[in-house]
Amino acid sequence: MTFHDRLNDYILQAKCSSKELAQASKLSEGTISRYRKGYRVPNVRGDHFAGLTKGLYGLLSKQDPDITEEEISESLKKLIDKSYGIDYDTFIEKLKQLLRGFEISNNELGRRLNYDPSYISRILSGQRRPADIRKFNANVAYYIAHQKADELEPSTICEVLGCDGKVVEDRDRLQEEVENWLSS
């Protein structure tokens, strides 16, 4: 089960609309819509997550008086933190290291991955999370291996990733190496 699946389950249990949840959680309807569709997930340490949890609790407790706000919070947090098997904080630190080591700006990465550069900045600062971290990871790795690698010295790639020079020669293998390095 994913975060957005669980959120949609809670909305069904609460017998409420997205608009009602937006009002109860003090979030915009657009934000709730992006969460429900799986386009975005909130930062578990942020105000949006806290508001969403409180809003869901307020609505769900009318249907199920035994439910607790902590139960809702932990259920959602577990699905967000799971991040498809990737430790998110480590991923972000390694992504920052990769961007510095290969001299890639947020603007460049955003353009190449078809994201707004300000969204990349928010991801790096922890304000936003890609809804599918594995897909984001794969897209970054593809860009590095198949587009950026030609501009880089093989020794620079090996130094950042800690790999041998043979990996750099095979772009598919390099992509796999970047993906594994970012997600480990």
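We use all heavy atoms of the structure for the numbers below, so side chains are in, but hydrogens, waters and symmetry mates are not. The structure presented is a predicted model; accordingly, all values stated were derived computationally and were not measured.
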Tyr142, Tyr115: one ILVMFWY side-chain cluster at the under-4.5 Å cut-off? no

Is the CG atom of Asn114 crowded by more than 12 outside heavy atoms at less than 6.0 Å? no

Quick one, Arg173 with Glu176, criterion salt bridge (Lys or Arg N to Asp or Glu O under 4.0 Å). Give me CA distance, side-chain angles, the key distance, then yes/no. CA-CA 5 Å; Arg173 193 166 158 215; Glu176 186 178 317; over 6 Å; no

Quick check: does any side chain N or O of Asp5 sit under 3.5 Å from a backbone N or O of Met1, one acting as donor and the other as acceptor? no

Stepwise side-chain contact (heavy atoms from CB on, under 4.5 Å) test for Val140 and Leu182: CA-CA 9 Å; Val140 169; Leu182 281 170; 3.9 Å; yes

Quick check with a 6.0 Å cut-off and a 45 degree axis cone: is Arg45 positioned over the face of Phe49's six-membered ring? no

Without swapping roles, check the side chain of Asn43 against the backbone of Gly126 for a donor-acceptor pair under 3.5 Å. yes

Looking only at atom types and distance, does a side-chain atom of Lys94 sit under 3.5 Å from a main-chain N or O of Trp181, one as donor and one as acceptor? yes

Are any of the side-chain heavy atoms of Arg111 and Pro117 separated by less than 4.5 Å? no

When you measure from the side chain of Ser61 to the backbone of Tyr57, do you find a donor-acceptor pair of N or O atoms at a distance under 3.5 Å? yes

Atom pair CG/NE2 of Leu79 and His4 - distance to nearest 0.5 Å: 11.0 Å

Looking only at heavy atoms, which two atoms of Asp172 and His146 are closest? And how far apart? OD1-CE1, 3.2 Å

So, the side chain of Asn139 versus the backbone of Leu113: is there a donor-acceptor pair under 3.5 Å, distance only? no

How many angstroms lie between CG in Leu99 and CD1 in Ile104, if you round to the nearest 0.5 Å? 5.5 Å

Please report the closest heavy-atom contact between Ala141 and Gln175, naming both atoms and the distance. CB-O, 3.5 Å

Test log, rule side-chain contact (heavy atoms from CB on, under 4.5 Å), inputs Ile157 and Ile144: CA-CA 10 Å; Ile157 295 171; Ile144 297 296; over 6 Å; no

Spacing of CG belonging to Leu98 relative to NZ belonging to Lys148, to within rounding of 0.5 Å: 10.5 Å

Tell me if the CG atom of Asp47 is crowded by more than 12 foreign heavy atoms within 6.0 Å. no

Tell me whether the count of non-hydrogen atoms from other residues, nucleotides or ligands lying under 6.0 Å of CD in Glu74 goes above 12. yes

Examine distances only and state if a side-chain atom of Asn137 and a backbone atom of Ile133 form a donor-acceptor pair shorter than 3.5 Å. no

For Ser183 and Glu179, indicate whether the former's side chain and the latter's backbone hold a donor-acceptor pair under 3.5 Å. yes

Glu20 to Cys16 - nearest heavy-atom pair and separation: OE1-CA, 3.0 Å

For Asp164 and Val167, indicate whether the former's side chain and the latter's backbone hold a donor-acceptor pair under 3.5 Å. yes

Side chain Ser73, main chain Glu69, donor-acceptor under 3.5 Å: no

Can you name the nearest heavy-atom pair linking Arg40 to Thr31, along with the distance? NH1-OG1, 4.3 Å

Please determine whether the number of non-hydrogen atoms from other residues, nucleotides or ligands lying under 6.0 Å from atom CD of Glu159 exceeds 12. no

CD-OG distance between Gln127 and Ser125, expressed to the nearest 0.5 angstrom: 3.5 Å

Any chance the side chains of His48 and Tyr35 put a donor and an acceptor closer than 3.5 Å? yes

Polar contact flag, side-chain donor to acceptor under 3.5 angstrom, Glu108-Tyr143: yes

Checking side-chain polar atoms at under 3.5 Å, does Ser105 have a donor or acceptor matched by the opposite partner on Asn107? no

Are the side chain of Lys26 and the backbone of Gly51 linked by a donor-acceptor contact shorter than 3.5 Å? no

What are the two closest heavy atoms between Pro130 and Ile123, and how far apart are they? CG-CD1, 3.9 Å

Against the six-membered ring of Tyr88, is Arg129 placed for a cation-pi contact (under 6.0 Å from the centre, within 45° of the normal)? yes

Assess the residue pair Leu21 and Leu27 against the criterion (side-chain contact (heavy atoms from CB on, under 4.5 Å)); give the C-alpha distance rounded to whole Å, side-chain angles, the decisive distance to 0.1 Å, and a yes or no. CA-CA 8 Å; Leu21 178 56; Leu27 299 172; over 6 Å; no

Rounded to the nearest 0.5 Å, what separation is found between the CG atom of Asn180 and the CD atom of Glu177? 6.5 Å

Contact summary for Leu52 and Pro42, nearest pair of heavy atoms: CD2-CG, 4.4 Å

Is it the case that atom CD in Glu103 sees more than 12 heavy atoms from other parts of the structure closer than 6.0 Å? no

One pair to check against side-chain contact (heavy atoms from CB on, under 4.5 Å): Leu76 and Val44. What are the steps and the verdict? CA-CA 9 Å; Leu76 293 173; Val44 295; over 6 Å; no

